[in-house]
Every structure is written in C-alpha cells, then in structure tokens.
Amino acid sequence: MNSAGVVEPNWAASAPVIEAFRRDVLAGLSRPIKALPCKYLYDDEGARLFELICELDEYYPTRTELRILRENMHEIAACLGRAVNLVDLGSGSGAKARLLLKHLSQPTAYWPVDVASAQLVGCAAQAARDFPGLTVVPVCADFTQHFELPRRLPGSGQTVLFFPGSTIGNFEPPHAELFLRRLARVAGVNGGVLIGVDLKKSPAVFNPAYNDAQGVTARFNLNLLNRINRELQANFDLTQFRHQAFYNERPGRIEMHLVSRRPQAVAVEDCQFEFARGEPIVTEHSYKYELNEFRQLAARAGLELVRWWTDERRWFSVQFLKPHQTGIARDS
C-alpha cells in the first residue's frame, strides 16, 4: 500500500474485454432488431459525458438519490454497521460512495468497481485523500460478469454491495433477478446490498430526463458508435444516426435507440450491416419499478428488504437488502 492508502489496482485483462466487445457488437448488429449492451456506453468518454448528464436540470435520478442519502444517512449508516467493506459497483466518480463513507463507523475498506479505467483511478485517489486510514482497492472490471474481490481484512465487518443510480433497471427483469442472486452470494449471509431503484411515475417526468435540451444524452448515446469505430475499425457516420428515447408504459421502461437517418451500409471489421431509413439500434432499456414489485423481485433472488427510503414525491428509492437467513439462492 502506498502512503495515500491505495492498493495497486486489480486490473482485468484488456484482451478478453476487447474480444467480448467485438463479439457482443457483431452479434447485436446481426439480430433482426439490432441491439447493443448498454454497458458499452461507458468507455472513458462515455463516463465523462454521463457525469455531465447527472448535473442536468432534467435528469432527476442523481440529485433525488443524493437527497435521499443525505436526509437518511444516520439510519442508513446504522443499518450497515461498523467496519464495513464497501463494494461500489459502477463507481463512476465515487461521489455517492464518499458521502456514505463519511458517515459510516470506522469503515475498513473501499473497493470501487468500474470499466472506465481513467475515472476509476481518479475515484480511488480521491477516496484515499478523503479517508487516509481507509484501504482503497480499485477493481477495473465489468461488474455484470464474474470478477474477484480483494481479500477481506481481519476484523472487518459486513461486506455491503453499494449499487446506486438505478442501474439495476438496465437489466431485463429475469436477468436482474439472476444478478441480484449473485449479489446475495457475494455479500454472504452477514452482508447486505444497498441499492438505488427508480420508481414508476409520469412519462412527463421520464421523457425530458433522457432527452435533455443541451443534447448531452444524445452525445452520450452516439459516443457508442464512435467507440465501435475506434476499437473495431468500423465506419459509422455519426451524423447519419440520431438519438431517440421514450418511456414505454406497458413494460415500464425507458427505451433508448440510435436511429438511422437514411438507408446505409456500415462495415465493422470484415462484416457489413445494412440499415433501412428509420431503423433503430437499441442501446439501453431502463426499467422502473413499483416498491412492492421490486421487493418481490429481490425476494425471488434470495434478498429480503430490511429498510427503504424515498423522497417526498416517491420518485426514487434507496433500499437495504440482506440475504435470507435460510440460505442464499443459487444461480439457475
């Protein structure tokens, strides 16, 4: 450990990450309805743009979740207990985790996990500066896949997986259940999951949040094509695709697309893909939940709702879950 308290990063191998990106892009563009996993929106430039989105007037989730955390921090800290090992999944800048760490009783370790390496290094360094006695181990990995966490320090308390920002909504519900099962297993019977869940409400609130007036969300979405061009030698013309996002009430989700402005062909490495005018690439689904709906989803994954907190408009929730004491559900 160096003097700042940061342990050498646990870096995922770059070759498998690039190969997975190639495989997923080629498979996604070959489908009858073209689709790309939303996790690939978050390269370093995508992560930077998303931080700008979080500051926009239209984008309510970040500021609403932060207000819930600030107003209920003493209760949240009491639920988590002392000497916590905090695992920050999709850490981004780490601002929410640092707010949490400030109020925890003698936290032992902070493990930010993210795929955006440059932002991850900055996040870990800031945490080490703010909390000099804390062991900080950045883990550069895709948290949707299996990865190894650092070894727990002797005498540490429960492991808490912190998953803010309503990212759970990016999973299709059956995959969300499988993912929550994995979190239950990682946390263990004495651990827990602190998660942000966006709640169902009027489309009049949702639609501006994903279609901001400054066009930052559009740049964030289009950056995925720029990444494919850079990393997979593709020739997407970004001016010939437009951002589209809307709330689909029947499945209860935001749908985000990149829509072709004209008939065109795009090459990705040695493969060519045809696009009709108006044909979309699905880049993100973001599911919204009723409180009881998410409680039932978590229960199927082996997690019991212990406490939850929300804002006065019930737009967003922060929930603390613990694995069922009767045993942790296994992956099926």
Side-chain angles (χ1 to χ4, degrees), residues 4-7 54 61-114 123-139 143 149-150 152-168 180 183-184 186-199 291 294-295 298 303-325:
V6 180
V7 175
C54 292
T62 301
R63 64 175 177 271
T64 306
E65 185 176 40
L66 279 169
R67 186 165 66 249
I68 294 168
L69 289 170
R70 291 189 182 105
E71 292 177 354
N72 300 280
M73 190 55 72
H74 293 298
E75 288 185 9
I76 294 170
C79 285
L80 272 55
R82 65 175 302 279
V84 167
N85 298 294
L86 188 67
V87 184
D88 189 5
L89 299 172
S91 53
S93 69
K96 294 172 187 174
R98 291 194 300 276
L99 174 64
L100 185 56
L101 286 165
K102 182 179 178 181
H103 291 85
L104 292 178
S105 175
Q106 298 178 311
T108 299
Y110 174 52
W111 301 324
V113 182
D114 212 309
C123 166
Q126 186 63 56
R129 286 192 294 269
D130 290 353
F131 307 97
L134 186 67
T135 297
V136 179
V137 186
V139 180
F143 63 76
L149 285 175
R152 285 165 51 105
L153 296 178
S156 60
Q158 68 174 325
T159 295
V160 173
L161 303 172
F162 185 40
F163 196 40
S166 74
T167 309
I168 190 63
L180 290 171
L183 296 192
V186 173
V189 292
N190 295 317
V193 177
L194 185 66
I195 189 169
V197 181
D198 201 2
L199 302 179
L291 282 168
F294 190 79
R295 183 205 298 262
L303 288 163
E304 179 182 0
L305 179 62
V306 178
R307 291 290 303 275
W308 60 271
W309 303 268
T310 188
D311 58 287
E312 67 280 0
R313 294 175 293 194
R314 294 171 75 97
W315 278 9
F316 200 92
S317 67
V318 174
Q319 307 187 27
F320 184 57
L321 312 167
K322 289 186 72 68
H324 290 310
Q325 294 302 310

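The figures here come from the full heavy-atom set of this structure, side chains too, leaving out hydrogens, waters and symmetry mates. In this text, all values refer to a predicted model and were calculated from it rather than measured experimentally.
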Pairing residues for Glu304 by the side-chain contact (heavy atoms from CB on, under 4.5 Å) criterion, not counting sequence neighbours
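His324.
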Under the side-chain contact (heavy atoms from CB on, under 4.5 Å) test, residues paired with Asp130 that sit two or more places apart
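Per chain and number, Asp130 pairs via side-chain contact (heavy atoms from CB on, under 4.5 Å) with Arg98, Gln126.
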May I have all residue pairs that pass salt bridge (Lys or Arg N to Asp or Glu O under 4.0 Å) and include part of residues 75-85, sequence neighbours excluded?
Glu75-Arg307
Listed partners of Asp114 passing salt bridge (Lys or Arg N to Asp or Glu O under 4.0 Å), at least two apart:
none
Sequence neighbours left out, what passes side-chain hydrogen bond (donor to acceptor under 3.5 Å, both in side chains) with [X]? Give chain and number order.
| X | value |
| --- | --- |
| Thr108 | none |
| Ser105 | none |
| Arg152 | Thr159 |

Evaluation steps, side chain to side chain contact (heavy atoms under 4.5 Å, CB included), between His103 and Ile76:
CA-CA 9 Å; His103 291 85; Ile76 294 170; over 6 Å; no
Close side-chain approach of [X] and [Y], heavy atoms under 4.5 Å:
| X | Y | value |
| --- | --- | --- |
| Leu101 | Phe162 | no |
| Trp111 | Pro150 | yes |
| Leu100 | Asp88 | no |

With Trp315 via ring pair (Phe, Tyr, Trp, His ring centres under 6.0 Å) - residues at least two apart
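Ring pair (Phe, Tyr, Trp, His ring centres under 6.0 Å) check on Trp315 returns Tyr60.
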Could you pull out all residues at least two apart from Phe316 that satisfy ring pair (Phe, Tyr, Trp, His ring centres under 6.0 Å)?
none
Kindly determine whether Ile195 and Phe294 satisfy side chain to side chain contact (heavy atoms under 4.5 Å, CB included), including the steps that lead there.
CA-CA 11 Å; Ile195 189 169; Phe294 190 79; 3.9 Å; yes
Filter on side-chain hydrogen bond (donor to acceptor under 3.5 Å, both in side chains), then keep only pairs touching residues 61-73, sequence neighbours left out; what's left?
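Every pair satisfying side-chain hydrogen bond (donor to acceptor under 3.5 Å, both in side chains) with a residue in residues 61-73: Glu65-Lys96.
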